[in-house]
Amino acid sequence: MATATLARHSLAHFMDLESIKYSIAAQPVSRRQSLHLFYHRCYHHKPCSVVVSMNGCQGNPRDRVPIGSIETRTFPAVTSPALATDTLNLAISEMKANPPLFTSGILRLQVPIQQQIEAIDWLHSQHQIHPRCFFSGRRQSKDFTEVTNGNGYQKSNNVVSVAGVGSAVLFRNDHPFCYNDWKSIKRFLSANCPLIRAYGAIRFDARSNISSEWEPFGSFYFIIPQVELDELDGCSMLATTIAWDNGFSWTWEQAVDAVEATMTQISSNVVKLSKEVTRSFIISSSHIPCKMYWDLAVERALQIINRSSSPLTKVVLARSSKIVIANDIDPIAWLACLQVEGENAYQFCLQPPNAPAFIGNTPEQLFHRNCLGISSEAMAGTRARGGSMALDLQIQLDLLSSPKDHLEFTIVRDNIRKKLEAVCDRIVVEPNKAIRKFHRVQHLYARLAGQLRSEDDEFNILSSLHPTPAVCGFPTEEARLLIAETEVFDRGKYAGPVGWFGGGESEFAVGIRSALVEKGLGALIYAGTGIVKGSNPSLEWDELELKTSQFTKLLKLEGPSIQKIENSGIIN
C-alpha cells in the first residue's frame, strides 16, 4: 500500500452500500478500452499527492499502473424500469461466476428503456438512498438561440437529465482541488466510454474555512454514480457501474457484492412528481447580512472601488437567507418545481450521506468541452421580466443601454476572453453583447468559443476561469480578499463550479441561484450581486430579492405540505 509523500490528498472511495449513478446516453453494444501509458507528458503544476482510498485501503495512483479496463456493455432495450432492473440484476449475477482478467477496471452496464422517464421522478422514488446526485442540461426555449462556433459543437446523445444514487467511486477532500486530483478522476474515464462520468462540485473559495453545514462536501466532492437513470429525448436508460482495484484491496468480488446490495434498494415504481406545490407557512426568515449591514458593506466596497489608487473595479457580494417553514422541505420535490422555469438553465442536486442537499437552478455556464472544442459564457447585469411584451422590451432596452450594467458585463466578458486566449488558438465571441431571457429575469450575455491546444488544458481552463468576475469580481484576488473580509458566512459550493467530467467531454455550470436544503432544518438560500461604480445598495438588495424569488415563491401563503404527488402517474 503506497503512502502519501506530499502534503495534499484526494480521496476516492469504493463504498459498499453507498453508490451513485449519473450518465448520458446510449452507446454501441460493447465497447472496451485497455489503457496504456496514461501519463505521457511532464507538467509543472504545483505538486499535490493524490491518495486513493478504496474500502478503507489507501494508495497513491501515481505509483500505480492506470486502470486496466474501461468498458461499457449495452443490453437489448426493454419497455419498463422493472424489466431494466431485472436485466441488470441477472447480468450482475452471471458476472460473479465469470470475473474479468484485469485486476482493476470500471464497467458500466446499461439497459435502454423504450419510454421517457423523468430522471427527477426516478430519483425521488429511491427512498433516500445516499449519496445522490442530479444534473439537467439546458432545455431550449423560444428565448434561446444557440450560436455554434464552426467546430462541430453539439450536445452528446440528446441527454435531458441524469439522476444517480450510491457511489461506485467517490473523490473528496478538504484541500484545494489541484491538478493531481483532476488526473485521479480522469484515471477512471475514457472517451471511448463517454457515459462513465464523475459528477460533483468545488468550493467557491477553497482557502476559506469550511463551516459545519458544508463539511460533508469538503473542498471538492465528485462521484462516479453506481446506479443511475438517464433521461433522453423520447426514451431512458437504467445503468449501473462496477469499479474495482486489487491493488487497493477492493476486489472484483467485493465490488459486485456492493452493486448487488445497492440494487436491492432500487425501486422500479416511479411516481410522477407534480411541478406545483401547496405553499407553506414560513416560521422564521433571516438574512446574513441584514439590510442595514448590507448597505454598509456595499458603501464600503464602493469607497474602495472609487479610490484612484485602488485596482478594484468590481466585487460580487452575496447574501445567505435562512428559511424555516412549518413542515419539511423535500429537496427533490423543490428541485422538480424549479424545473418549471428552468429553460435555458441547469438544474442540479448533490447530497452526500448524512448531509444537506445542495440544489440549484443556475443560468450560468462556466465551460463546456467537447474534444478540443471549448465554450464559455459571460453573463452579468440583471433585470426582471416585464408583465407584457411591450414592458419586457422596454426593460430589455434599459438593460442594454445602462452604463453601469455595461461596465459590469464588459469586465466579465473581457476577463473570460483573456483566460481562454491563454490556452486556445483563436477565440470567437458571438454574440458580443445580447440579452439572455429566463422565466423571471434577463441578463446581458455573450458566448465565447475556441479550440484547445490539448485536452490536458481542461484543468487549466477550470482553474483559471473559476472564479469569474460574475461571481467574484475583478481583479480576482483583490475581490476575493474583500469578500473574505466582508462576508461572515461560508459560501461553500455556492458560486463554485458544479458539473461533470467525462473522457472526451466535460461541462460545468456556476453554482448560483442555489440553496442548501435539509429536512427538518429548512433551507439556506444564496444570492449575490455585482458591485461596480454607480451601484446603489437598495437596488442591489432588490436584485437579491429577485434572484431568490424562485425559491421563496414556493414557501409563502398557507398550506401544510411542500409537495404534492400525483399517485396516478405510476410507471410499472
Side-chain angles (χ1 to χ4, degrees), residues 39-48 147-153 176-183 185-186 202-207 220 311-316 364-380 407-433 444-481 495-511 530:
Y39 303 111
H40 57 277
R41 291 178 59 187
C42 182
Y43 296 86
H44 300 286
H45 297 273
K46 186 175 181 179
C48 61
V147 182
T148 61
N149 61 16
N151 294 325
Y153 167 83
F177 188 72
C178 69
Y179 175 76
N180 281 332
D181 297 325
W182 174 76
K183 287 296 258 186
I185 293 173
K186 299 290 282 189
I202 301 171
R203 280 178 65 83
F204 168 77
D205 186 356
R207 289 172 285 185
F220 58 90
L312 188 68
T313 57
K314 175 182 178 180
V315 64
V316 179
E364 190 169 339
Q365 180 190 81
L366 184 63
F367 76 89
H368 175 264
R369 178 185 69 83
N370 190 357
C371 298
L372 293 179
I374 191 83
S375 63
S376 185
E377 294 177 352
M379 195 174 293
L407 172 62
E408 183 180 349
F409 171 72
T410 54
I411 289 172
V412 175
R413 182 193 60 202
D414 295 350
N415 179 263
I416 293 175
R417 177 169 188 159
K418 182 178 179 180
K419 290 179 176 179
L420 288 176
E421 285 174 343
V423 291
C424 293
D425 290 327
R426 187 173 71 96
I427 302 301
V428 175
V429 183
E430 186 181 355
N432 190 58
K433 181 181 175 181
L444 295 174
Y445 159 81
R447 185 173 185 271
L448 302 91
Q451 196 82 354
L452 292 174
R453 300 183 185 101
S454 166
E455 288 191 16
D456 289 310
D457 287 327
E458 179 180 73
F459 175 78
N460 293 327
I461 286 290
L462 175 61
S463 59
S464 65
L465 284 181
H466 173 72
T468 71
V471 295
C472 181
F474 185 80
T476 301
E477 187 58 19
E478 284 80 358
R480 188 194 69 80
L481 289 174
V498 56
W500 50 270
F501 291 112
E505 185 180 6
S506 301
E507 184 167 23
F508 279 83
V510 182

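Computed from heavy atoms alone, side chains included, the values below leave out hydrogens, waters and symmetry copies.
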For [X], side-chain contact (heavy atoms from CB on, under 4.5 Å) partners two or more places apart:
X	answer
S464	K419
A495	F204, V471, R491, I512
S463	F459
V412	K314, A378, A380, I416, P469, A470

Minimal non-hydrogen separation, [X] against [Y], with atom names:
X	Y	result
P475	P311	CD-O, 3.1 Å
G373	Q451	CA-OE1, 3.9 Å
T410	L407	OG1-O, 3.0 Å
V316	G530	CG2-CA, 4.1 Å
L452	C424	CD2-SG, 3.9 Å
I461	L420	CD1-CD2, 3.6 Å

Test item: I185 and F220 side chains (from C-beta on) under 4.5 Å apart, heavy atoms: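 A side-chain contact is absent here, since even the closest heavy-atom pair is not under 4.5 Å.
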
Quick one: does E505's side chain get under 4.5 Å of W500's, heavy atoms only? yes

All side chain to side chain donor-acceptor pair (under 3.5 Å) counterparts of R417, not counting sequence neighbours: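 Partners of R417 under the side chain to side chain donor-acceptor pair (under 3.5 Å) test: E421.
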
Going by the rule side chain to side chain donor-acceptor pair (under 3.5 Å), which residues pair with K418 if we only count those two or more places apart in sequence or in a different chain?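 Expected list: none.
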
Between [atom1] on residue [X] and [atom2] on residue [Y], distance to nearest 0.5 Å:
X	Y	atom1	atom2	value
Q365	L448	CD	CG	10.0 Å
S506	N370	OG	CG	9.5 Å
L312	E477	CG	CD	11.5 Å
R453	I374	CZ	CD1	12.5 Å
T468	H466	OG1	NE2	8.5 Å
L462	W182	CG	CH2	10.0 Å

Under the rule for ring-ring contact (aromatic ring centres under 6.0 Å, His included), what residues qualify as partners of F409, not counting sequence neighbours?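 Applying ring-ring contact (aromatic ring centres under 6.0 Å, His included) to F409 gives none.
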
Sequence neighbours left out, what passes ring-ring contact (aromatic ring centres under 6.0 Å, His included) with F508? Give chain and number order. F367, F501

Would you check if the side chain of R413 reaches a backbone N or O of N432 as a donor-acceptor pair within less than 3.5 Å? yes

For residues 458-471, pull every pair meeting salt bridge (Lys or Arg N to Asp or Glu O under 4.0 Å), keeping only residues two or more places apart or in separate chains.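 Only K186-E458, R369-E458 qualify under salt bridge (Lys or Arg N to Asp or Glu O under 4.0 Å).
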
